[in-house]
Every structure is written in C-alpha cells, then in structure tokens.
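In each ligand, atom 1 is the first atom listed, and ligand 1 is the first ligand listed. What you are looking at is a predicted structure, and each value in this text was computed from that prediction instead of being measured.
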Amino acid sequence: MSETLETLLDESRTFPPSDAFRAQANINDPGIYERAAADPVKFWEEQAEALHWFERWHTALEWNRPYAKWFVGGKLNACYNCVDRHAEGPRADKIALLFEGEPGDIRKISFRELKDEVSQTANALKSLGVKKGDRVCIYMPMVAELAITMLACARIGAAHSVVFGGFSADSLAERTNDAEAKVIVTADGGWRRGHVVPLKKITDEALDLGCPTVEKVLVLNRVGEKAPEGTTMTEGRDVWWHEVVPQQSKDCPCEPMDSEDLLYILYTSGSTGKPKGIVHTTGGYLTQTTATTKWVFDLKENDVYWCTADCGWVTGHSYIVYGPLSNGATCVVFEGAPDSPDKDRFWKIVENHKVTILYTAPTAIRAFMKWGVQYPQSCDLSSLRLLGSVGEPINPEAWIWYHENIGGSRCPIVDTWWQTETGSILISPLPGLTATKPGSATQPLPGILAAIMNEEGEELYPAHRAVNEKPGEAIGGILAIKHPWPSMTRGIYGEPERFVATYWSRFKEHYFPGDGAKVDQDGYYWLLGRVDDIMLVAGHNISTMEVESALVDHHAVAEAAVIGKTHDLKGQAISAFVILKTGQESHPDMVNELKAHVAHKIGAIARPDDIFICADLPKTRSGKIMRRLLRDVAEGRALGDTTTLADPGVVNSLKNQYEDKES
Ligand code: WT7
C-alpha cells in the first residue's frame, strides 16, 4: 500500500444491543475497556484467576520481543480445567459434548463421562509409549473422539498436532515429520456427504512416504464395514481404539504443566512455503480463550453452543474445545456438511438440539444465501440468541441476511477477527455493549492494543489512546498489535528465524498480522483482507473485499472474488469472478449491469474492467478464496501451488473456461 487506504466502503446502519440483551449480558459495564487499558497485565492476571492453578505464577509477564512468557512459574493442566473441575462439581451430569454424526447418530457425553473417557484415552496413549513432552498427530473425522484425544494429550502433557481430515497423505506426512510425532491417532474413515473419507488408507500412504518418528497408530472404528477396501492394520504398529481404550483404567492423574509448556502445534498453510507449525502454550492460551468465550459469546450455564468449525482449524481448538469446555459449556460437535442429506442440515440441528449460540463462517453464510431462504424458514430457529462469524471479512449483505434470516432480527452478531497465531479473538463486538455495524469487527477487545500503521511503520491510529477517542475521519493502513497478549503464539515450531521474519520484522515494536484495515470516524475497525490482496488502481488503494461486497450486494450475485490484474496504465485493473445465485441466469447485459452496480455503490474508480461469471471459485479447505490462483488465471500464468485447495479441479476448469473466453 502506498499512502492511506482509500476509504470507500459506506455502511451506515448500526445495531445497538437491545435493552433486554444488555441487561442480561456477561459484560455490560463499559468500564471494562478502561480498566484493561489502564493496566493490561494486571487485567489479564485477573482473567487468569478464572482458571484452576495447581501453583500460582510468580511473574505475570516476561516480554522479550518477540517471545512472551505469561504467568511464569504457574502450574496448571488444560484438561483439568476443561473437564475435571466440572466433572467433580455441580456440572458433573451436564452435557459437555453433544455429538451428531453425518449419518444422524447422536451421542451425548456428560462431563463425568467425558472425564472417564478422556482418562481412558490418556492411559491408552501412555500404553502406546506417549510421554510428557511428546507430540501426537491427530488425523480424525470431526467426531467426539477427536476432542477427547486432544484433551487426553493435554492431560498427560503431550502436545497435539491436529491435521484436518480433508488433507492428503503428503500433507499429513509433512506435518507429522515436522512435529516428529510419536503416535498418529486416526479412524478407519469419516463420513462426508454420504461417502467415506478413507482416513486409515491415507494414513498408511503417509507412513509409506516415510515418517520415521511414528511408532504406533491408534485407529478409531468409525465407519466399520463401510471402510473402503484396503483398510488394513499393520501388525505391531496399528492398534484399534476399541481394543485398547475401553479396557483402560478411568484413573489418570492430570500432569501439572508449567504455564509455558507446549499445549499444541497447529499447522497453517499460508499462501507460500511449507506450512508453519504455530506453537501455543498452556497458561496464557487457556486464560484468554476462556475469557473471550465468556465475553464474546455471552456464554451462560444453559446455552447450547455450536461452533461449526472443524477441530482441524484453530477455531475448533479455541472455540469448540478449550474456551467453551473450560467454561463448562454444552458444545455441539457435528461431523458432516451443511448440505447433506439436504441443504437444511444446519437448521435441523439448531431445531433439534435447541442451539442458542451459533458460530460459523461467511463462506457458509454465502452458500446459505445462494441456496435460498426456504431452508432456514422450514425450521424452528427460535432457540438462537447470538450469532458469530469468523474466517474472513463478512460483507454487509451477508451480515444482514444472517441477521434477518437466521437471527430473526433479534440476535446480536459478533464478527470476530483473529488468527491461528493470535490464539484467541482480538477484535470483536461485546454483544451487550457494542452497537454493531454490518461488515465491521468493531473494536479491539479489552486488553488488546491495536494500531493502524502506514508503510513506513508509523502509527496512523495509535495503539495507546484514550478509550473514547474517535479519529473523526477514516484512517486506512496496516493492522498491527502493540502489547503482548496471553494467547499469542510462542513461535513457529523449529523455525525461529522464519517467526521473526514473518511477524516481527515489518514493524519495530508491533506484531504484524498481515491484514489491511481501516478505522472509521467512530473508531470502528474494518478488516480488509490480506495486505497482499489489496489493489493499487490508478494510484488508489482499493481492497478486494470492498468490491466483492458491492458485487454481492447485487440481487443476482451469490459470491464474488476480486483481484488486481496487471495493467499498463493503471498499475492494476480490477477483475472479478462472480457466482450467480441459484435460479439466476446470466443475460447479455449482466456483466455491464454488475459493473454499473459497483460503480454506483463505491465509485467509478472501483468499476471492474472485466467480470467473469463462473460456477465455482478455488477455495482452501477452510473456505478461503485463493485469489493468488485467480491472479494466475487472469494473467494467463501457470497455476502456482494448488495443494491446499479443497478441490483442485475447480481452478483447472476455471482456467480453461477463462482461456476460451479470452480467445
Ligand atoms: C486470517 C486468519 C480466525 C480463525 C480462523 C482463521 C482472516 C479471520 C476474520 C474476520 C476479517 C478475518 C484474516 C486473518 N480473518 N477472521 N472476522 N474479519 N478477516 O484463521 O486461517 O489463521 O486465518 O483470516 O485475514 O489474518 P487463519
């Protein structure tokens, strides 16, 4: 970005919390922001008190940029906090995990039962040779046993590395080897849209590629007879879950862990290079995930909380397992896809389990919009009281649709900005306090100091400022976080130099998350996507997200991806890929109509040079559009690395169609 980011997006609607919501909210005293700002370290210490510590810390923070140590000297166990302290108290018979499998099988596990099952799993891992300090790779479908295995690792002080069950053998081998995992926990298969994903076969392929550190493979019987041909067990290495876990003693003490001991590694792909093993430790991570779950989701004793993410992503770690369970919540765990057997699957789950809090991603919301309102309308969604969004900027159109059609216009929406690296939510509304604006993640949470920087590394909007200070006019630039926070990553596993280069070199003091952002006149933050995706059109910075929002605002458009294509005169020209809603036909004037719509919404400067109507967009497995590949398509280059795509076929056929159109 050259100068100040152009501030083009114009969204003026605001949604203050209702009096009734505010009155019952966990956080309804605005003084929390001031208290936190006055002394962030002391503020986080107060949050840490919510956990059970075997031994109290002696020093709250040791900051040795870029390495933070929080609650130094403290001893605790994450599993004890998520399971035992509830199992041993009045929540013992409360449902902890409410599992629904894709075929419709349901399992309700109370905290008491969870403690027994986690303990048995932990003892089984021990019997396979896992010790404190070892790494365990988890490659499983989204079943209750996935969360149970994570907790079992935490119980005995082994770090888990969860690899999303949609990844290939190569990806699994690469991650297993980087973490030097001793054991892989997998399943014979998992259900996906009526088909079996052959997880054990893929694990075998990964092991055949060479994973010298792996000694044992623990295999859950999930699909049984439906396991594909060639699902075999290797004598001496592979062990069935049902042959070792239920036989174990239910007694397995929680290992007292140092606050800074490794809790897990989670690999994030990034757009280039090998995946980064993001490291999280115990005390700070659990403190902040616990606090933010309670604040942001307004979590209460009677809530049925459903985060639709997979435990293969950080969202599943922080906001299915650690944050909610540490708060003693009832969490829905769903194995399947939103359109199987039909496109109302999510709404049936909400209706059947009386879900009160739903946390999902904009990519899913746009799919629901595309499928049509008849699906949510056919179900009773009246149990819902709060909605959340995460993963990418939510365009105002999708926000309003979510608000009206899922939230019945009564549920606050929390648009939560964070990253694998940040460990927990950093920018988000507090639903009992914040008047939300569709498309804005609103404000940094209490205890978080976020600045907007220019290219030169100067604060355009300072991290330290009076709580009620408003900029008065919009300021655009690069997002940066100044002060350390408890759940921040402690590094990239085995790659200290890359850690410094990626996050701590761009600015002298601040952390660099890689996102563009602007604050508006009211001090609200608008996340604009990755800095690499921001376009420079005839000297103006325009974010791809702003043009995408304008396109999706058109009644015929379901989804849009925008890129800057190299242009002789303008530097970059705006190029858009558009998916129409189900039932909408492209007509000869459609492209011009859409261009005019963008010009009308944003201004002539943002009018796309070309718009390509297509059936599908290349997305990562977590649902992010890979604009880098669209740039390759538009510029006629060979496609870059496509291994992280959910469906590599999409981009190849897109490339062919695009080239046909050009010729
Ligand atoms: C990147 C982090 C956060 C857990 C899931 C993704 C984008 C995430 C938002 C949001 C705008 C968002 C950012 C961020 N992002 N949430 N609410 N508004 N952008 O974790 O894979 O580490 O991705 O996702 O670009 O840097 P991740």
For ligand 1, list every N/O pair with the protein closer than 3.5 Å, one pair per line with the distance.
unit_1	atom_1	unit_2	atom_2	d
ligand 1	15 (N)	Gly391	O	3.3
ligand 1	16 (N)	Gly391	N	3.1
ligand 1	17 (N)	Asp415	OD1	2.7
ligand 1	17 (N)	Thr416	O	2.7
ligand 1	18 (N)	Glu392	O	3.4
ligand 1	19 (N)	Pro393	N	3.4
ligand 1	21 (O)	Lys624	NZ	3.2
ligand 1	22 (O)	Thr420	N	2.9
ligand 1	22 (O)	Thr420	OG1	2.6
ligand 1	23 (O)	Lys624	NZ	2.9
ligand 1	24 (O)	Gly391	O	3.2
ligand 1	24 (O)	Lys624	NZ	3.3
ligand 1	25 (O)	Asp515	OD1	3.0
ligand 1	25 (O)	Asp515	OD2	2.9
ligand 1	26 (O)	Gln419	NE2	2.9
ligand 1	26 (O)	Asp515	OD1	3.1
ligand 1	26 (O)	Asp515	OD2	3.1
ligand 1	26 (O)	Arg530	NH1	2.8

Which pairs count as ring-ring contact (aromatic ring centres under 6.0 Å, His included) when at least one residue sits in residues 433-453, sequence neighbours excluded?
-> none
Those residues that, when tested against Arg631, pass side chain to side chain contact (heavy atoms under 4.5 Å, CB included) (two or more places apart) = Asp533, Ile563, Arg627, Arg628, Arg637
Hey, would you say the Trp306 and Tyr359 ring centroids sit under 6.0 Å apart?
-> no
Charged N to carboxylate O under 4.0 angstrom, Arg366 versus Glu392?
-> yes
Going by heavy atoms in the side chains, are Tyr503 and Pro66 under 4.5 Å from each other?
-> no
Could you give all pairs that pass the side chain to side chain donor-acceptor pair (under 3.5 Å) test and reach residues 401-412, with sequence neighbours left out?
-> none
